[in-house]
Amino acid sequence: MEALSRATAPSPANRRLLGLARPWLGRLLVASGLMILGSGIGLVTPMVAGRVVDAALVDGNLHRLNRIVVSLITLLAALGLISFLEHLLLRTAGALMLQRLRSQLFHHLLSMSPSFFENRPTGELISRMGSDLTKVQGALTQQIPNGIQALLNFVGTLIFLLVLQTRLTVLALAVVPPVILIAVAFGKRVERLSRQERDATADASAVAEEAMSGIHTVQAFDQEDHENQRYRRRLDGLLSVQIRNARIEGAFAGSVQFAAFSAFAIVLWYGGRLMLEGAMTPGQLTSFLLYTFSIAISVGTLGALYAAWRELKGASARIFELLDTPSDIREVDRPTPLGSVSGRIRFDSVSFAYPSDPDRLALDRVEVQIEPGEVVGLVGPSGAGKSTIFSLLLRFHDPNEGRVLLDGIDLRELSMSELRRSIGIVPQDIFLFSGTVRENLHYARPEATQAEVERAAELAGAHEFIERLSQGYDTSIGQRGVRLSAGQRQRIAIARTFLKDPAILLLDEATSALDPDSEQRVQDALNELLRGRTTLVIAHRLVTAQRADRILVLEEGRVADVGHHRELFEKNELYRRYWKLQSLQREAG
Ligand code: ATP
C-alpha cells in the first residue's frame, strides 16, 4: 500500500497533469456527483436482484416478483441516464482540455527559434501533438474517471458486504493485496513502454513526413524502395515495442483478473456452505455474489487505473518537455519602441556560430553600417555567411559577440513583431501556403483591401497572370504553390512584400534560371520593390551587383572587402573570380 501511495503521491508533474483539468472543474464536479449517484444506484441493484430471487424461489409470490422487477428496471433506466450525462460531461471536458493543450503546444512551437526545429523533425512534433495528446486525453477523461468510479464502488460495496456478512467479506477482501502487488510490479514497466511506444511512433512519423515532403526528390532518384524500407524499419521498431507492451499489458490484465475472480470462487464455495447450513437464503447468497462480483471488477479497474496513470505520465512526459523548452531567442520584458523606421542597419563587430556547430564561426567580427535607402549587395562563395546575415537581422539567432542595430537600437531591445514587421524578405526558395492566391497575398497584411492587393500584384507584375488563372485571385495554388511556375511564385512573393511595405528589404536572388521573358518581369518587379528601401541583396546576377550602391565581399564569415562593383572588379581578385565563375556557370546552364 505504501509503495502504491508513494508512486501516486502528487509530484510536480502529476500536479501539473491534474492542473490541466482545472478550467473544467465545474463540469468535472457535476460528473463526479453523477458518478456518486450512479455508484449509489449500482450498490442497491444487487440487493434488489437478491430480493427477486427470494420472491421467486423462497416466497413463490408472483405479485411481489413483478413489483420488484419493475423497480429494478426503473433503477437500471436511471443508471443509464446518469451514465449518458456523465459520459457527455467527461468527453466534452476532455475534448476542451485537448484543444487547449494542443493550441498551447502549437503556440509554444511557433515561438521557438529556427535552431529548435533543426534537431526535431516536423513529423515527430506533429505526432506528439496528435497521438501523444490523444493518449493524455484518453487517460484523463476515461481511464481515470473509470478508476475513481471503481474506487467509489469498491468502498460502497465493501460497506454493504460488511453489513450483510462480515466473515464472507473478509474472505472476499483477500483479493486486494495481490492486486496491489501486481499493479506496483507492472506499473513502472507500463510507463516505460508507453514512453518508448510514443517515441517510436514519433520516429516513424518523422520518416514518413520527410519522404512525403521530399516526394519529388524521392521519385526523381527512384528511391521509393529505399524510403519504404526506411519507414518499414521504423515500423518494425514500433511493432516490437507494441508487442512487448501487449505482453506486459496482457500479463497485467490476466493476473489482476485471476486475483480478483479467485475471490469470487472462494466466496461462492464458502457461501454455498453457509447456505447448506441454513445460515443464508439463496437470495442473500445471490446478492452477496453480485457484490463480490462488483468488488472484483472494481479492484480490477483500480489496478488498470494505476497502469493508466503510469501510462499517462509516459505519454505526457515528452509534451511537458516540449512545453518547458524555452526559445533561445527571448524578447525583453519592456521593448524599446521602434516608431517609424528609417532603416539604418549596423553590424557592430558581430561574431556568430550556429548552436549545432559552436566551434566554427559563421560570422567573424563583421563590422558594417548601411544607410537608410542604400542598396547593398552581398557577394561571396557558398558558405561565406550571406544568409546568416539575413538570419541575424530577422533575429532568428542572436550574435555570440557584438550587436546588430536597427536605427541605433540593439535588435535584442526591440519587440520581435515590430522588428519583423519592418523587414520584408524575398528568399530563393519561396514558401507559399496551400490556399488561394488572395490568401497568400493577404498573409503579408490580412487587413489589406482588394484594391491594395491588386495594386501590389500590379507592381510585382503578377496581376495579369493572376487574372488569367482559372478563378483569378481565388484560384487554389496547391501545397506550397506547386500549381504555379517558378517565375510566378517569385512574383507572388514580391507582391506579398509590396503589400507588407517594409522599410528594409532582404533579397536572395534566385539562382535558378527563368526564361528571359519571365526573368525580365521578375527583375522589373524587384527594381520597383527596392525603391526607397534599405536593401540587402545576395547578388547572383552581375547586373544586380553593378546597380548596388555598395558591395560587401564575404569570405569565410569575414567582410573581405567593401566597395562599388567597378572598383572591386579591378582590385579584388576573389570578386573578379566570383563573377567569372558565375558567368561560366550561366553559360553552361
Ligand atoms: P550560400 O551562398 O551557399 O547560400 P551563404 O554565404 O549564404 O551560402 P550561410 O548559409 O550563411 O552561407 O552559411 C555560413 C556558414 O554557416 C556555412 O559554413 C554553413 O555550413 C554554416 N551554417 C549555415 N546554416 C547552419 C545551421 N543551421 N547550422 C549549422 N551551420 C550552419
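Whatever order the structure lists them in is the order used to number ligands and atoms, beginning at 1.
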Does Ser387 approach ligand 1 within less than 4.0 angstrom via side chain, backbone, both or neither, non-hydrogen atoms only? both
Candidate list Val437, Thr475, Val453, Asp474, test side chain to side chain contact (heavy atoms under 4.5 Å, CB included), partner Ile466, passing option: Val437
Numbering as shown, the atoms of ligand 1 that approach Ser356 to under 4.0 Å (heavy-atom distance): 28 (N), 29 (C)
What atoms of ligand 1 come closer than 4.0 angstrom to any heavy atom of Glu118? 26 (C), 27 (N), 28 (N)
Give me the residue, atom name and distance of the protein heavy atom closest to atom 15 (C) of ligand 1. Gly383 O, 3.7 Å
Nearest protein heavy atom to atom 2 (O) of ligand 1, by residue and atom, and its distance? Lys386 NZ, 2.9 Å
Which residue is it: Val375, Leu530, Ile494, Thr544? I am looking for the one with a side chain to side chain contact (heavy atoms under 4.5 Å, CB included) to Leu507. Leu530
Would you say Thr449 and Arg455 are linked by a side-chain donor-acceptor pair, where the criterion is simply a distance under 3.5 Å? no
Leu536 versus Ile345, closest heavy-atom pair with distance: CD1-CD1, 3.9 Å
Please state which protein non-hydrogen atom is closest to atom 3 (O) of ligand 1 and give its distance, to 0.1 Å? Ser382 OG, 2.6 Å
After noting the C-alpha distance and the side-chain angles of Asp225 and Arg230, does the key distance pass the salt bridge (Lys or Arg N to Asp or Glu O under 4.0 Å) rule? CA-CA 8 Å; Asp225 281 348; Arg230 213 154 75 95; over 6 Å; no
Close side-chain approach of Lys500 to Arg445, heavy-atom, < 4.5 Å: no
Among Leu554, Asp508, Thr388, Leu392, which one puts a heavy atom closest to atom 11 (O) of ligand 1? Thr388
When you measure from atom 23 (C) of ligand 1 to every protein heavy atom, which one gives the shortest distance, and what is it? Tyr354 CE1, 3.4 Å
So which heavy atom on Phe390 is nearest to which on Asp508, and how close? CE2-N, 4.1 Å
Within-shell test, Gly380 vs ligand 1, heavy atom, strictly < 4.0 Å: no
Relative to each other, are the rings of Tyr575 and Phe569 parallel, tilted or perpendicular (30° and 60° limits)? perpendicular
shortest atom 20 (O) of ligand 1-to-protein heavy-atom contact is with Arg360 NH2, 3.5 Å
Please check whether Ile538 reaches ligand 1 - meaning an N/O of the residue sits under 3.5 Å from an N/O of the ligand, judged on distance alone. no
